[in-house]
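Just below is one structure, and these are the notes that go with it.
Since we're looking at a predicted model, the values are computed, not measured. In what follows, chains are A, B, ... by sequence order, proteins preceding strands, each numbered from 1. Values below: all heavy atoms of this structure, side chains included; hydrogens, waters and symmetry mates excluded.
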Amino acid sequence: MNGIDLTLLAAAEAPTGVSLMWLVVAIPLASAAILLLAGRAADAWGHILGVAASAAAFVVAAWAFFAMLGRAPAERSFNLGLFDWITGGDFNLQAGLRIDQLSISFVLLVTFVGTLIHIYSVAYMSHDPDRRRFFAYLNLFVAAMLLLVLGNSYLVLFVGWEGVGLASYLLIGFWNQRLDYAVAAKKAFVANRVGDVGMLIAMMVMFAHFHTLTFDGVFEQVQADTASTAVLTAIGLALLLAACGKSAQFPLQSWLGDAMAGPTPVSALIHAATMVTAGVYLVVRSGPIYIHTEGARLAVLIVGAITLLYGAIVGCAKDDMKKALAASTMSQIGYMMLAAGLGPVGAAFAIMHLLTHGFFKAGLFLGAGSVMHAMKDQVDMRRFGGLGTVMKLTWVTMMAGWLAILGIPPFSGFWSKDKIIEEAFVGTGWQPWVFGLVAMLGAGITAFYMSRLFFMVFHGQARWTDDQHPHEAPPLMTVPMAILAIGSVDLGGILCLIGFAKWLEPVTQAAGEAAEAEPVLAVPVITVATLVLVLAGAALAWVKFGAKTAQVPVLPPPANVLVKAAREDLFQDTANDVFLVRPGQAVVKGLTAVDGKVVDGAVRGIGCLVQTVGGGLSRWQTGFVRSYAASMLAGVILLAAIVLAVWL
Amino acid sequence: MNSVAVVAAASLSMSTSEQFLFWIVGSIVVLAALALLFSKRAVVTACAVMVTMVGLAFLYVGLDAPFLGVVQVVVYTGAIMMLFVFVIMLVGVDISDSFVETIRGQRWIGALLGAGLLVVLVGAALRAAVPGFNGLDEVDEGNNPRAVAKILFRDYPFTLEITGCLLIIAAVGAVVMTHRDRLTKAVRQGDLAAMRIKHGVQVTPPPAPGVYARHNAADVPAVDPDGKAIEASVASVLRMRGQVSRLNGLTQDLLPAAVPEAGRTVGAPALPGPAADEPAADLAEPEVAAPAADAAPAPAETPAAEPAPPAAATSGAEPAKPAKPAKPAKAAKPGKAPKAAKPDEPATLEPAQPDPPGEEPKGGDAK
Amino acid sequence: MTVTAYLILASVLFTIGATTVLVRRNAIVMFMGVELMLNAANLAFLAFSRMYGTLDGQLAAFFVMVVAAAEVVVGLAIIVSLFRTRRTVSVDDESLMRH
């Protein structure tokens, strides 16, 4: 990255802050390399370097952000060329960064929340002998995630895409001495690879039709209608597959729950706030493609809606605190997907929800981490209860996150989620009704299970065992939680007030002005109905789990079929097993048999043949020199006889 | 041969004398060559091949090649075949081939192929349209070696150089191939002598083989003053091969001659000897008397040489001690000491063995 | 009686030599068989030389003899070293060439 040459597609010269954006990727990457290569020597100061790297990235990003603010909205997009990466024939790919409103939003989220979580981890991982390695991986993740959102082409994005997959794998399996954790890491990795296939296919189709992979190049040609709708639909579906893999959307959702095996800060950063939203980023970034293909957009909507409900239902039955949060993450990303599929306006709200979600979900996870810290890493909520009095600060921060995710005004979730629900009602025909009602219902269920979680942990009777001594976490953990809680409270409102959707418009509406349309129901009706549902859900949870009178059994009580199914993640693993693993294994077995019997058989057969022939021929090689002499003489006689016969 | 269309003039065919030479020498050559196939002993074969070579030299001369005829004799008979014989000696002159064939059917294959080869070659010779001899008189100009030399050095100098190189390489190669690296320190005469003294083995050289004036063949053991065979006098190679001539037949005429001599020193030669097939008996007999004679030139040496019989030795030696005429003792000593030193060797000396009980007095008398 | 007689004699000798190589096991005797074959060839050379009236055949025979001398030196050296290691000059006591 030494020779940086600035190729600016935007007419304007890039301000200094923007031109230094490559540092945002380079600093955490270098830090990760140092931490990994220095080995034990870096144990003493490794975490400090990790935090510093992340913070430095945030500083650079903030600088670029303010530099960007000084520009007119249309001139806020920059293309920062780094180096010629692939040069071949008519294909010439320059690795570069694309800095615009969308990517800078992500960069700020990733670096800010990332830095907070880095700080939190210093305390959370303080007793782990491998803390340095943990920070190395976290830095690696930050670098890869930033490369993902900053890349100016699908290929650069893909590098970051794989990088975060790797970091995710390493961090889920961070305690890989436990077999089930290692298996969880593998599961996440494999599920992500399925999505990667979609990404690769999308890139191949793009390359075949557009001969370029840069965002600008591809979108330009999409605008110019050089590709048929079928091609665009194919690209859109393939990208959706990729997004499903990365964002744990239906049908590739199964890995997220198991991914909670990783340390809680990892769950907060990677599996709640940032990496899992990469799919949403991809869909929003590819908005110009989706806008031209109704089929793919509908697929996005359906996937979003299904996941939204799926996550919500699973969340209702989970007793494992982190898994319940994971299910909620899935569900919330379902909302974002749904919004992203709704078009330019929805996409803006998707990103907005993504940002608010990043804050409140990270806060919730960090709170969960704090609870686990207090409860000797226990995660079973049935063993909690009444913690609100013991851990006041955690209780407050988690309450902020809880109210935010519920969408209670004026907490931040309300501003983004309510907008998404409103947008879901926009449209014609059956679609607004279906997706709108699903989104609204989802909000109600979300209210129930999040309230259940909150009440089970902090209210009701104390159900922990005698050897537990819950205590508040050290400041190094509570301060980040508090900051995130503040974000959970007001970020949504702020974003709404400063007109975030408007700010994003140059990106989301790159494909063209989106027509403002009215929902099929009046906006106040939607808002009120949603709030009523949310309050109903919360009230139900209070009655069942929060009130002093509520009896929460320590062991999961027998339940009806639906609850059982939800506890089993709606049989996602069974389904995977039946529909994917077993047929796959059968195919592999078949191929192995074919390979063993036919291919190897042929090879061995040839070997056997040669051996047999050789064995037979070796009998001629008696080793007796006189036999050889006899053969020679026989040959001589034969030749002489032939010569004579010809000659005569 | 009749089938060949002889167009040649009479002068070009063989003269009568040449035909005579051809048939006589040719037959000898072929007959001698057949020894290669049928003679068991390598030496015989070598000699037969020499005959072949010399015969071929005759034929060469008859073919107007006197120079090559001489070279044939010098090189083949004189050098190559001598080398063969030399190697045969080195390897074992009496090694004879077993004619039992080890490779199944090899003899029949050989016979068949030989026959086939003969048919092919003779067929070719017969079929070839060969003119008669042109003769070499003009080319030779009366001096064949000079003519050969002229052509050799005029037309084939390069070939000559190359063959010279080849010869040198071959000589060096032979040296290299038969050379063995010395793995231990060289044992020199001085070392051997020192070793002999250290181990109490006989220091002087063993007696030469052969009974002088009678049988001086290398495989005949010397006889000590008692008329006993000194088996150590025969070269160890021959002993190892079991090629030492027996003294059986020898004793007949040997003893009368030997006895007087022994008698002179011993006094009582005890003639009962020639008991036909048991020469050991008669050899042993004089020995019984011998102790008195040449008892103890080296009484101290004996125990070291042979631990077993010392008791007998001393007992036998005692009476002998006073009478110790210097001369015969000296003569006898060389023979005795080795005998005592290597009691297990006399495998070939059957006569000496049959009477182990007699050995003790024998050993005793030696002292 | 012309060249043919000599050729036939040479053929007979050559055959005897070749057969010797095939049927005898003593390396020295086999080697003598080879020498006999060379001599047979020499005889044919000389006969042809006389037939054509040129000396080139004699020179060929001469060179054959020289080469034969070299060959004998090396061959016998081989036999001697063979005998040293295996105490035998039989070529097929063991089928060594097989290993």
Review point. So, for C:Arg84 and B:Thr178, which heavy atoms are closest and what is the spacing to 0.1 Å?
Key: NH1-O, 2.6 Å
Practice item. State the OG-CE distance between B:Ser39 and C:Met32, to the nearest 0.5 angstrom. Key: 8.5 Å
Review point. In terms of heavy-atom contacts, does CZ of B:Arg154 have more than 12 from other residues, nucleotides or ligands at under 6.0 Å?
Key: yes
Exercise for review: Write down the atom of B:Asp64, the atom of C:Gln58, and the distance for their closest heavy-atom approach.
Suggested key: O-NE2, 3.0 Å
**Study point:** Interface moiety of C:Tyr52 toward chain B, non-hydrogen atoms closer than 4.5 Å
**Key:** backbone
Review point. Should B:Leu36 and C:Arg24 be marked as a side-chain contact (heavy atoms from CB on, under 4.5 Å) after you check the CA-CA gap, both sets of side-chain angles, and the distance that decides it?
Key: CA-CA 8 Å; B:Leu36 273 173; C:Arg24 298 299 298 264; 5.7 Å; no
**Study point:** Max heavy-atom pair count under 4.5 Å with chain B, selected residue of C:Ala18, C:Ala68, C:Ala47
**Key:** C:Ala47
Practice item. Check whether any side-chain heavy atom of C:Leu38 lies under 4.5 Å from a side-chain heavy atom of B:Tyr76, and answer yes or no. Key: yes
**Study point:** Pick from C:Ile79, C:Asn42, C:Val21 with the largest number of heavy-atom pairs that fall under 4.5 Å of chain B
**Key:** C:Asn42
Practice item. Measure across B:Ala170 and C:Val73 and return the closest heavy-atom pair with its distance rounded to 0.1 Å. Key: O-CG1, 3.7 Å
Practice item. Select one option (side chain, backbone, both, neither) describing which atoms of C:Ile16 are under 4.5 Å from chain B's heavy atoms. Key: both
Practice item. Return yes if a side-chain donor-acceptor contact under 3.5 Å exists between C:Asn39 and B:Gln72, otherwise no. Key: yes
Point to revise | Non-hydrogen side-chain atoms of C:Phe63 and B:Leu160 separated by less than 4.5 Å | key: yes
Check your understanding: In Å and rounded to the nearest 0.5 Å, what is the CG to NZ distance from C:Leu59 to B:Lys150?
Key -> 13.5 Å
Check your understanding: When only pairs under 4.5 Å are counted, which of B:Ile151, B:Leu68, B:Val122, B:Val87 shares the most heavy-atom pairs with chain C?
Key -> B:Leu68
Study note, to complete from the structure: Checked B:Gly173, B:Gly164, B:Ala65, B:Gly62 vs chain C; the most non-hydrogen pairs under 4.5 Å come from B:Ala65
**Study point:** Shortest non-hydrogen contact between B:Val75 and C:Met65, atoms and distance
**Key:** CG1-O, 4.5 Å
Practice item. Answer yes or no: is there a side-chain heavy-atom contact under 4.5 Å between B:Tyr156 and C:Phe62? Key: no
Revision key, fill the gap. Between the CG atom in C:Leu55 and the CG atom in B:Asn144, the distance rounded to the nearest 0.5 Å is 6.0 Å
Study note, to complete from the structure: Taken to the nearest 0.5 Å, the spacing of C:Leu76 CG from B:Ile80 CD1 works out to 9.0 Å
Review point. So, for C:Ala77 and B:Met177, which heavy atoms are closest and what is the spacing to 0.1 Å?
Key: CB-CB, 4.2 Å
Review point. What distance separates C:Leu9 CG from B:Leu59 CG, expressed to the nearest 0.5 Å?
Key: 6.5 Å
Review point. Hey, what do you get for CG (B:Leu63) to CG (C:Leu46), rounding to the nearest 0.5 Å?
Key: 6.0 Å
Exercise for review: Answer with side chain, backbone, both or neither: which region of C:Ser49 has an atom nearer than 4.5 Å to a non-hydrogen atom of chain B?
Suggested key: both
Review point. So which part of C:Ala10 gets closer than 4.5 Å to some heavy atom of chain B, the side chain, the backbone, both or neither?
Key: neither
Check your understanding: Checking C:Val80 against chain B: side chain, backbone, both or neither under 4.5 Å from a heavy atom?
Key -> side chain
Check your understanding: Given that the side chain runs from C-beta out, which part of C:Leu43 has a heavy atom under 4.5 Å from chain B: side chain, backbone, both or neither?
Key -> both
Exercise for review: Flag the pair B:Phe22 / C:Tyr6 as yes when their ring centroid distance falls below 6.0 Å, and as no otherwise.
Suggested key: yes
Practice item. Find the one option among B:Ala115, B:Ala46, B:Ala111 whose heavy-atom pairs under 4.5 Å with chain C are most numerous. Key: B:Ala46
Exercise for review: Against chain C, work out which of B:Leu113, B:Val148, B:Val120 has the most heavy-atom pairs shorter than 4.5 Å and name it.
Suggested key: B:Val148
Exercise for review: Among the options B:Asp155, B:Thr52, B:Leu166, pick out the one with the most heavy-atom pairs lying under 4.5 Å from chain C.
Suggested key: B:Leu166
Review point. Relative to chain C, which segment of B:Ala57 carries a heavy atom at a distance below 4.5 Å: side chain, backbone, both, or neither?
Key: neither
Review point. In terms of heavy-atom pairs under 4.5 Å, which option from B:Leu152, B:Val71, B:Val175 contacts chain C the most?
Key: B:Leu152
Study note, to complete from the structure: Between B:Gly110 and C:Val23, the two heavy atoms sitting closest are CA-CG1, 4.1 Å
Practice item. Report yes if some heavy atom in the side chain of B:Thr45 is under 4.5 Å from a heavy atom in the side chain of C:Asn26; otherwise report no. Key: no
Review point. What part of B:Ala147 gets closer than 4.5 Å to chain C, counting heavy atoms only: side chain, backbone, both or neither?
Key: both
